[in-house]
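Below: the structure, in structure tokens.
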Number of protein chains: 2
Amino acid sequence: MRRPASSPRRPREGGKVTIKEVAAHAGVSAMTVSNVFNDTGKFSRETRERVLAAINALGYVPNSAARRLVGATPARIGLLYAGVDSMFIDAVLAAAAVASAERGLQLMARKAASAGEALDAARALQRSGADALLLLPPFDTVLSGSAAFRALGLAAASIATAAPLPDMFTVRIDNRAASRAMTERLIARGRRRIAIIAGPQDHSDSVERLLGCREALEAHGLDLAEDRVIEGRFTFESGLAAAERLLALAELPDAIVAANDDMAAAALWVAHRRGLSLPRDLAVTGFDDTLLATRVWPPLTTVRQPIDRMTARALDLLLDALRRRTDEPADVLEDYALVGRASD
Amino acid sequence: MRRPASSPRRPREGGKVTIKEVAAHAGVSAMTVSNVFNDTGKFSRETRERVLAAINALGYVPNSAARRLVGATPARIGLLYAGVDSMFIDAVLAAAAVASAERGLQLMARKAASAGEALDAARALQRSGADALLLLPPFDTVLSGSAAFRALGLAAASIATAAPLPDMFTVRIDNRAASRAMTERLIARGRRRIAIIAGPQDHSDSVERLLGCREALEAHGLDLAEDRVIEGRFTFESGLAAAERLLALAELPDAIVAANDDMAAAALWVAHRRGLSLPRDLAVTGFDDTLLATRVWPPLTTVRQPIDRMTARALDLLLDALRRRTDEPADVLEDYALVGRASD
DNA sequence: GTTGTTGGGTTTATCGTTAAACCACAACCC
DNA sequence: GGGTTGTGGTTTAACGATAAACCCAACAAC
């Protein structure tokens, strides 16, 4: 293992150029370089050119530790996620890792096993230096409005949540409309005995998705027997249990609308095991359009939620808020898409 | 959006306690607190107690930006990954995000589209401040040994690679043995016409996996017609194409050994589409034991690679190397496990 | 009795960047 | 012509932690 020759004090960080060297090269003070770089303060058009040239020539990259020390750059985002095995969580973690890297942010991912742990986890994140919080359901609604959360004094953004919140950014799709559209698609394709594997009803997004289904069914005069709605926990295993019960019903459903892809995959599983022919005997639809949707057989008709874009957007909002010290909560609605595949 | 009341200069980072406050509280100098905290320098047992008490009482957490500025703590890990859609990559990204967070490290994830981009990507990571590199195949072998890589002067670790390397840490499983064991399992279960969807042969781990298969077949006197081996690219789509060709062979294989779960899932897909009964007509096995393995039907018999543990181990090795300035490359062999499910 | 040595600290300087205060000079304003 | 207002910068003082140099008492060695 090779390591660089090190000066007594520091491990010589790969030929780092400091702002002073740039300043000397451009014949100005360090402060002016800083001003040009950040577009703050005052300088003439001509100095600007000189400084920029020096920056390029030397390949200057500001030292983020120093910037952060003086409080100029927020740098750490705490991500609070539910500790369930789901494709969606993995995808968010991966997207957040990449998006944070692009923005030079440090991601601090932390799992909270239950809603009760949310506050403790948030506190722990803050204590270890988080400047802002990125939340996933159900932690958005758990924390929103609580005095203890407010006391943390951290900016927060929630992705994939159901509705705007007064004290944090929200980046989401219209879950209800998406779910309604999906259900209508099934009805249009001739399905009549539609069953539902809902998500946990303490997740605001799950509630919306279930509402969307109900609306579509009602609009078409189809009744939804309550034994055709089962609440899962977004995990594959809970989907398995739910599907078992649904496919053991006296009157067999001809379609299952699941609230995420993992549970939809579970429904496929159970259907396969029972020897049903898919999608003839049973249509199954998912939600999220994770990688899973295209890996299972038959591939899932599902709702695409643009996870990468939503994650990136949430980070940008947080960065803006921290830098500009804005106080306006914002709600960003991203587009969803119905992706038709072979499962319905 | 609530933001904390801010002193003129800084956004008041959530009640941060500095080392000086701890020092005052304990009645010693800041330096002594630093020494106690890091177990460096000298101090009496009694001062130690006092300082530790003060640290706990005040909830002191060292400011990592300051530490880093003086060069005491390395903080940034550059993760170089191949930009293919695969469950394995997502899982590694997620695991790395969590493991980095636990260690207070900043993860800088960067995709390189091809082997040729590896060096540029590594340079870019270094320029943006990476202290060490975490590599995924094929970038380990692409970079290892090259003078340009050595010139970077960065410690590196590679996970899920095939063999020890002289200039970086390696954390891996015995790919060949695992693959051999898997093939032997199939033989023991009566399969005779075994086909292979190999991984890209510029990945050292893929090479090993293929070798393992061959060894097992040879050991049992089974010949492997060359049209029964197809090289995929670890993607689901490439698996699809490979499976199509294999299942169009005059003599139909009775088993397919795939080099990862995504390609195995693709084989299941094609088999379903052709109306084969699984696993009666065809056994399929995967590799990695990603979440996908349990989501598809039938669930995949596969090799478990402990991704979380391997990622964590690699980070620990890198941290040790940076802190202690060790020069010894190390090779860690983790245990794999054959996970039998219904697909064979 | 001068010269080490060691335990238990303290002081000082420094990392790279930026906020805030300051400065020199020019133009404008009754 | 004294005062205000701009423009285009520079200087200074942090931010928090730590490496290195220094200090001092107590004790040992010769």
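Letters A, B, ... are given to chains in the order of the sequence lines, protein chains preceding strands, and every chain is numbered from 1.
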Handout entry: Between P of D:dC22 and NZ of B:K42, the distance in whole Å
Key = 14 Å
Problem - Distance test, side-chain N/O of B:R67 to OP1/OP2 of D:dT18, below 4.0 Å - result: yes
Problem - d(CG, A:L69; P, C:dC15) in whole Å - result: 13 Å
Exercise for the section: Spell out, as yes or no, whether a donor-acceptor pair under 3.5 Å connects the side chain of A:R110 to the backbone of A:L80. Expected result: no
Handout entry: Spacing of A:E49 atom CD relative to D:dG8 atom C1', expressed in whole Å
Key = 16 Å
Fill in the blank from the handout: Under a 4.0 Å heavy-atom cutoff, the residues of residues 51-59 of chain A touching DNA chain D are none
Handout entry: Test salt bridge (charged side-chain N to carboxylate O under 4.0 Å, His left out) applied to B:R172 - qualifying residues, sequence neighbours left out
Key = B:D331
Fill in the blank from the handout: Those residues at least two apart in sequence (or on a different chain) that pass side-chain contact (heavy atoms from CB on, under 4.5 Å) with A:R123 are A:L119, A:D120, A:A148, A:L152
Handout entry: Derivation of the side chain to side chain donor-acceptor pair (under 3.5 Å) call for B:R67 and B:N38
Key = CA-CA 12 Å; B:R67 288 184 124 179; B:N38 302 311; 2.6 Å; yes
Problem - Rounded (10°) bend between the five-pair end axes of the helix from C:dG1-D:dC30 to C:dC30-D:dG1 - result: 50°
Handout entry: Derivation of the side-chain contact (heavy atoms from CB on, under 4.5 Å) call for A:V98 and B:L93
Key = CA-CA 8 Å; A:V98 172; B:L93 280 172; 4.2 Å; yes
Handout entry: Whole-Å gap separating P (C:dG7) and CZ (B:R48)
Key = 17 Å
Practice task
Check whether any side-chain heavy atom of A:I173 lies under 4.5 Å from a side-chain heavy atom of A:P306, and answer yes or no.
Solution key: yes
Exercise for the section: Check whether any side-chain nitrogen or oxygen of B:S44 sits under 4.0 Å from OP1 or OP2 of C:dG7, and answer yes or no. Expected result: no
Practice task
Indicate yes or no: at least one non-hydrogen side-chain atom of B:V28 is less than 4.5 angstrom from one of B:V51.
Solution key: yes
Practice task
Answer with yes or no whether the side chains of A:R76 and B:S64 bring together a donor and an acceptor at under 3.5 Å.
Solution key: yes
Fill in the blank from the handout: To the nearest angstrom, the OH-P distance between A:Y60 and C:dG16 comes to 10 Å
Exercise for the section: Write down the distance between CD1 (B:I19) and C1' (D:dA19), rounded to a whole number of angstrom. Expected result: 13 Å
Exercise for the section: May I ask you to check whether B:S44 and B:T47 show a side-chain donor-acceptor distance below 3.5 Å? Expected result: yes
Problem - Close residues, residues 21-40 of chain A, relative to DNA chain D [heavy-atom separation under 4.0 Å] - result: A:V28, A:S29, A:M31, A:T32
Handout entry: B:T141 side chain reached by B:S144 side chain, heavy atoms, under 4.5 Å
Key = no
Practice task
Calculate the interatomic distance between A:R68 atom CZ and C:dT18 atom P; express it in whole Å.
Solution key: 14 Å
Handout entry: Partners meeting side chain to side chain donor-acceptor pair (under 3.5 Å) with B:E49 (sequence neighbours left out)
Key = none
Fill in the blank from the handout: Atom CG of A:N63 and atom C1' of C:dT18 are separated, to the nearest Å, by 13 Å
